[in-house]
Amino acid sequence: MSVKLNTKFASQFIKSHELDYIAPTAEAALAFVRAKCGQGSDFLGWVDLPVDYDKDEFSRIKAAAERIKGMCDVLVVIGIGGSYLGARAVIEYIKSNNYNAVKNGTPEIYFAGNSISASALSDLLRMCEGKDICVNVVSKSGTTTEPAIAFRVFRDVLIKKYGEEEAKKRIFATTDKARGTLKEFSDRMGYETFVVPDDIGGRYSVLTAVGLLPIAVAGIDIDALMAGAAAAREQYLFAPFSDNDAMRYAACRNILYRRGKTTEILVSYEPAAAMFAEWWKQLYGESEGKDGKGIYPSSVIFSTDLHSLGQFIQDGSRNLFETVVDIVNPKDSLKVPFDPEDTDGLNYIAGKELDEINHKAMLGTLLAHVDGGVPNLKLETPDRSEYETGYLIYFFELACAISGYMLGVNPFDQPGVESYKKNMFALLGKKGSEERGKELALRISKL
Ligand code: PA5
């Protein structure tokens, strides 16, 4: 078992009888997932994906990644939400949060279309000047405003730089299999296309072409990533509660939520995990935050954030619990140098591995936060290899589905995401929403 849930830092907040009582609910939730009979069951394609994926497309992804590596300095991945977070999370978690600075022989990879900021897009355009560019536009619907704007901008850049025909060879579209604006447009233009399966929502799509193409371009072994996810599926999809940490994690979250712990903070001591936490936040936030319910997902990187949010976590509102992702084996080794003058008083740790010090910081913080009334769950993962990353992804996906069903919500829809879009379209005067636009403008003027 690669991921291990350690509950000893939460034991004073979760009684063993509570776990016994909630176990049947967790078992029932997992049974819904397995039998594909709960709410949102049309979106359970991710459950068997690690063992049942389109092998031909997988080969095409690898081939396209090699072509992209050969023909560009920069890959611009255009997408928002589930259409970019997974790729960015995996690239930074496995390689580095400074991937573009430390990469070795692979293209720089930038993400666009995840905001409407003119400055962010202009910066990226400047960064691409004088470089060979490829674009991977990712949108299941093909109509999402943010990526559609960025795609227009980059299409223009590519056509001006390379001409129509060459630009077509540099654009790769990941979108709906058959329907949708982007699919239709891509086929007409002759772009190579990859599929976002109908039965997989954005936040569960990292192991489809959505994540895999950019991940493969970064030089990451996508076979090993899928193998790790397949191993986690084997481990967690069938095991009983007593032997199933995905179910137990979901159960602990729900017990803590019932005790008023309404915010979960995902903690890592590796800066490379910052985007992984963003992916996790979308997965849990969009899956559970509905019907007036849900745990608010938040994240920190320690020890960095111990010097900012540490005060609040130790001492502020007591509605928090933490889930610490403990990466057991570090990627690198670095020791504290000896200084004969010892002006900073650090010689007592001279010669020690930074990882050992980081580990002690983690243990000290765990104890302090438990003393401060913050339950801590600890998830131990062996390392940041492709295999273990795939394993961790599947663990979180399955635990999220189980937890959502235990909470009594549909973990696979996101009705709330539409509200801002309706207002934005109306305020921009989109055809068909002019009346609503006038109403909103009036409301704003009266505020
Ligand atoms: O998880 C989700 O469904 C969302 O975050 C979508 O991925 C996001 O809104 C982008 O949608 P699309 O891929 O249709 O452009």
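The first residue in the sequence is number 1, and the count goes up from there. Being a predicted model, the structure only gives us computed values, none of them experimental. Counting starts at 1 for both ligands and their atoms, in listed order.
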| task | Give the residue, atom name and distance (to 0.1 Å) of the protein heavy atom nearest atom 1 (O) of ligand 1. | result | Glu286 OE1, 2.8 Å

| field | Over all atoms of both residues, closest heavy-atom pair of Ile78 and Gly113 | value | CG2-CA, 4.3 Å

| Which residue holds the protein heavy atom closest to atom 12 (P) of ligand 1, what is that atom called, and what is the gap in Å? | Thr144 OG1, 3.3 Å

| field | Ser83 N/O to ligand 1 N/O under 3.5 Å | value | yes

| query | Atoms of ligand 1 less than 4.0 Å from Gly81 heavy atoms? | reply | 5 (O)

| request: If you have a sec, work out which protein heavy atom is nearest atom 6 (C) of ligand 1 and how many Å separate them, to one decimal? | output: Gly82 N, 4.0 Å

| task | Anything under 30° is parallel, anything over 60° is perpendicular, the rest tilted; go ahead and classify Tyr269 against Phe302. | result | perpendicular

| request: Please write down residue, atom name and distance for the protein heavy atom closest to atom 4 (C) of ligand 1. | output: Gln282 NE2, 3.7 Å

| request: Return the orientation label for the Tyr84 and Phe111 ring planes: parallel under 30°, perpendicular over 60°, tilted otherwise. | output: tilted

| said: Given Glu192, which partner from the list Arg67, Lys169, Lys168 fulfils the side-chain hydrogen bond (donor to acceptor under 3.5 Å, both in side chains) test? | reply: Arg67

| Using 30° and 60° as the class limits, which term best fits the ring planes of Tyr391 and Tyr236: parallel, tilted or perpendicular? | perpendicular

| query | Which atoms of ligand 1 have any heavy atom of Ile80 under 4.0 Å away? | reply | 7 (O), 8 (C), 10 (C)

| Numbering as shown, the atoms of ligand 1 that approach Gly202 to under 4.0 Å (heavy-atom distance) | 1 (O), 2 (C), 3 (O), 7 (O)

| request: Apply side-chain hydrogen bond (donor to acceptor under 3.5 Å, both in side chains) to the pair Arg436 and Asn423, showing each step before the final yes or no. | output: CA-CA 8 Å; Arg436 186 178 170 83; Asn423 286 353; 2.6 Å; yes

